[in-house]
Amino acid sequence: MTTPSHPRQRPRLLITGVPTDETIAHATRWFDVEIWREPQPIGAQLAEAAAGMDALLVMPDDRLDAKAIDALPRTVRGLATHSVGTEHIDLSAATARGLPVFHTPDVLTDAVADLAMLLIISAARDASGAERALRAGRWTRWTPTSMMGRSLQGMRLGILGMGRIGTAIAARARPFGMVIHYHNRRRLEPQREAGAIHHASCHDLARHSDVLCLCAPATPELRGVVDATLLDALPDAAMLVNVGRGDLIDEHALFAAVRRGRLTHVATDVYLGEPAIDPRWLELPRATLLPHIGSATREVRSAMGRMAVDGLASVCGAPAAGRCANPEVLSR
Ligand code: DGY
């Protein structure tokens with residue numbers, strides 16, 4: 001007697017933003033894929049769209065607080081984010097529900113460090129101000145004193161958060177002649193420190209930073225760490241660069257400090273509440289403002305997508321592996 005054969009149902013994956021074609025092709029190996037293609041984040045429609053899904057791949061601008069996680073259908077076995085940062089996901093709520101959360105460390109380190117160098121150089125040379133002047137027809141002639149910036153050689157670069165990305169920024173900045181200072185929760189081994197000068201507090205780091213570069217995650221302890229007192233601790237004519245998270249900065253304090261002449265340039269890729277940024281950013285006289293493109297290269301975005309999909313595939317029975325931000329769930 002033969003048993004009627006049913007085609008084995010493939011697991012279903014919802015992706016809440018349009019990934020690269022390579023990511024879609026990779027995901028399709030394991031999953032039936034649905035993609036949220038609207039220009040706005042999926043928001044409150046997530047639970048409904050996730051009905052019958054086995055896995056979700058969300059974007060850094062999706063907010064998955066405890067309520068949103070609780071509302072997810074029970075069919076969902078795995079969650080991944082198309083980012084290394086997991087601040088937008090309530091990890092404790094996901095863990096309590098037994099939901100592994102995969103993310104994408106390492107593959108974006110070089111791209112973000114490259115972008116940090118772009119911002120550091122732009123800050124020192126006011127590249128965006130010079131371009132604005134050219135576009136506005138204010139480039140009338142070359143003079144020795146027009147559009148002067150600062151040389152990186154000998155300048156102190158203070159790195160707040162000396163993890164993978166901070167270390168990669170230090171490695172890029174040294175050949176420019178910058179002297180590296182840093183603050184990190186734990187002091188690095190001498191070999192990884194490579195001569196960088198450790199400071200036990202953020203304020204001590206600020207006092208020694210001609211350019212202060214933020215590349216830490218926005219943990220609860222670090223939210224708003226760049227406040228009025230830290231900005232006042234910076235040397236005169238200091239610059240601020242942010243490739244970490246907007247939440248690291250108390251933006252009211254920042255705008256007030258710029259009004260008091262505390263900073264000669266702010267160069268940032270990330271903002272509080274992005275993409276709906278505070279309009280006062282656009283009024284800053286000397287600023288380089290990028291729209292969160294740190295990891296935005298074709299190669300890196302595909303590598304991130306592949307890594308996130310592999311994590312999800314691994315919990316849906318595929319021979320793949322991902323990087324889990326709450327690994328305790330997997331060992332239960
Ligand atoms: C990350 O992966 O966290 C990058 O900032 C992109 O969101």
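Start at 1 and go down the list; that is how both ligands and their atoms are numbered. Here the structure is a predicted model, which means the values were calculated and not measured.
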Considering only heavy atoms of Pro60, which atoms of ligand 1 have at least one such atom less than 4.0 Å away?
7 (O)
Pull out every atom of ligand 1 sitting under 4.0 Å from any heavy atom of Leu108, numbered as shown with elements.
1 (C), 2 (O)
Any salt bridge linking Arg156 with Asp210? Criterion: basic side-chain nitrogen under 4.0 Å from a carboxylate oxygen.
yes
Provide, to 0.1 Å, the distance between atom 1 (C) of ligand 1 and the closest protein heavy atom, together with that atom's residue and name.
Val84 N, 3.4 Å
Hey, does the side chain of Asn184 reach the backbone of Met162 with a donor-acceptor pair shorter than 3.5 angstrom?
yes
Regarding ligand 1, does Arg245 bring an N or O atom to under 3.5 Å of one of the ligand's N or O atoms?
yes
Test your reading of the structure: does Gly85 have an N or O sitting under 3.5 Å from an N or O of ligand 1?
yes
For ligand 1, indicate whether the residue Ser83 contacts it via side chain, backbone, both or neither (heavy-atom separation under 4.0 Å).
both
If Ile, Leu, Val, Met, Phe, Trp and Tyr residues are connected whenever their side-chain heavy atoms lie under 4.5 Å apart, and connections chain through other members, are Tyr182 and Leu214 in the same group?
no
Could a heavy atom of His103 be found less than 4.0 Å from some atom of ligand 1?
no
For the backbone of Arg12 and the side chain of Asp54, can you confirm whether one donor and one acceptor N or O come within less than 3.5 Å of each other?
yes
Among all protein heavy atoms in this structure, tell me which lies nearest to atom 4 (C) of ligand 1, with the distance rounded to 0.1 Å.
His292 NE2, 3.7 Å
Is there a heavy atom in His82 that sits closer than 4.0 Å to ligand 1?
no
So, does His183 use its side chain to make a donor-acceptor pair with the main chain of His199 at under 3.5 Å?
yes
When rounded to the nearest 0.5 angstrom, what is the spacing between CD in Glu299 and CE in Met304?
13.0 Å
For Val270, which part has a heavy atom under 4.0 Å from ligand 1: side chain, backbone, both, or neither?
neither
Quick test of your reading of the model: are Arg97 and Asp70 salt-bridged, counting only N-O distances below 4.0 Å?
no
